[in-house]
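These notes are about the structure you will find just below.
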Amino acid sequence: MVLSAVLLIIIATTTVYVGSKLSAGNSMISLEAHEHTEMTMTQALIIPVSASIFLITLFFYFAYMQYFLIGILVMVGASALFQLTCITLQFLCCKMNSQLVLVLSLCFTIFAVLDWATTGDLVMHNLLGCSLCILFISTLRFPSLKVAAVCLLLLVVYDIFWVFFSEHFFHKNVMVEVATKVASNPVYEMGQRFHIDALKYVSPTVELPIKLMIPNYGIQKMAMLGLGDIALPGALVAFALRCDLDLSLIHISEPTRQAEI
């Protein structure tokens with residue numbers, strides 16, 4: 001139990017660290033910052049409401065929404081993993097040909113998605129989840145501390161209600177029910193429908209990469225951490241890092257100006 005918690009903390013912290021560095025686009029990572037989207041105050045107010053609507057929809061209609069959700073997660077997760085792999089190869093092998101980087105990144109991304117889709121491998125599952133978080137942290141930006149505070153405070157209320165009080169209204173813990181649902185594997189179902197023998201060994205179900213999962217050694221249940229609990233606080237950490245870098249540049253430029261005067 002303790003080991004699983006420690007591993008979750010290490011993975012989550014590393015994810016926030018990488019996402020924040022990419023968001024800042026500073027000299028510690030020799031890459032230009034990604035295109036980013038700034039969150040407005042209106043969006044900060046709407047996010048908890050839209051998240052609640054989506055959560056209720058999944059709670060009641062998961063059987064109908066699961067294939068749409070799998071498609072979205074696979075497309076966005078694969079794109080995020082591809083970009084992250086390209087960045088990693090460029091960072092580790094500066095002299096590597098850019099075309100080779102793209103080819104290797106594409107091959108690894110295809111392998112990771114297929115491995116997750118056919119076997120439900122936890123390593124690839126967590127890798128896709130971390131890639132989604134890093135993409136979110138590096139591209140979504142809080143324009144001010146006020147917007148960040150409003151957004152995160154409302155999401156705390158959202159979490160508290162759906163985790164601790166939803167059972168009083170829906171007779172089940174809505175957050176836990178949705179987070180622990182297992183989706184039918186479309187690859188397996190396709191094999192069954194078209195009688196493809198090669199696909200009969202594919203896992204019939206698949207865990208959605210909306211959470212990190214670590215085995216609890218000695219216990220059958222998994223230790224889990226939702227991606228939202230990593231990505232949104234991570235966006236605040238990225239905001240703090242960018243502020244620190246801006247302030248450091250101001251302090252550096254002031255002595256230079258005084259010397260010129």
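Quick caveat, the model's predicted, so the values are computed rather than measured.
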Closest non-hydrogen atom pair between [X] and [Y], with its separation:
| X | Y | value |
| --- | --- | --- |
| Thr15 | Cys130 | OG1-SG, 3.4 Å |
| Ser184 | Glu189 | CB-OE2, 3.2 Å |
| Phe136 | Ala231 | CD2-CB, 3.4 Å |
| Pro209 | Leu132 | O-CD1, 3.7 Å |
| Leu154 | Ala44 | CD1-O, 3.8 Å |
| Ile70 | Pro186 | CD1-CD, 3.9 Å |

Show me the donor-acceptor pairs within less than 3.5 Å that the side chains of residues 122-129 make with the rest of the protein, sequence neighbours left out.
from, atom 1, to, atom 2, distance (Å)
His125, ND1, Glu207, O, 3.4
His125, NE2, Lys211, O, 2.8
Asn126, OD1, Met213, N, 2.9
Asn126, ND2, Leu122, O, 3.3
Asn126, ND2, Met213, O, 2.9

- Task: Show your working on side chain to side chain contact (heavy atoms under 4.5 Å, CB included) between Thr139 and Thr37 and close with a plain yes or no.
- Result: CA-CA 6 Å; Thr139 55; Thr37 303; 5.8 Å; no

Measure the spacing between [atom1] of [X] and [atom2] of [Y] and express it to the nearest 0.5 Å.
| X | Y | atom1 | atom2 | value |
| --- | --- | --- | --- | --- |
| Ser23 | Ile137 | OG | CD1 | 8.5 Å |
| Ser50 | Leu45 | OG | CG | 11.0 Å |
| Ile56 | Tyr61 | CD1 | OH | 10.5 Å |
| Asp244 | Ser20 | CG | OG | 11.0 Å |

Hydrophobic cluster membership, with links at side-chain heavy-atom distances under 4.5 Å among I/L/V/M/F/W/Y: are [X] and [Y] in one?
| X | Y | answer |
| --- | --- | --- |
| Ile160 | Val176 | no |
| Leu232 | Met175 | yes |
| Ile53 | Leu55 | no |
| Phe142 | Ile47 | yes |
| Val76 | Phe82 | no |

Please check this pair: side chain of [X] against backbone of [Y], looking for a donor-acceptor N/O pair closer than 3.5 Å.
| X | Y | answer |
| --- | --- | --- |
| Ser248 | Leu245 | yes |
| Ser203 | Val206 | no |
| Ser4 | Pro215 | yes |
| Thr88 | Leu84 | yes |

Output a table of donor-acceptor pairs, distance under 3.5 Å, between side-chain atoms of residues 162-170 and any protein atom two or more places apart or on a different chain; print 'none' if there are none.
from, atom 1, to, atom 2, distance (Å)
Trp162, NE1, Ser52, OG, 3.0
Ser166, OG, Trp162, O, 2.6
Ser166, OG, Val174, N, 3.1

- Exactly one candidate in Asp229, Leu7, Ile11 meets side-chain contact (heavy atoms from CB on, under 4.5 Å) with Leu212; the answer is Ile11

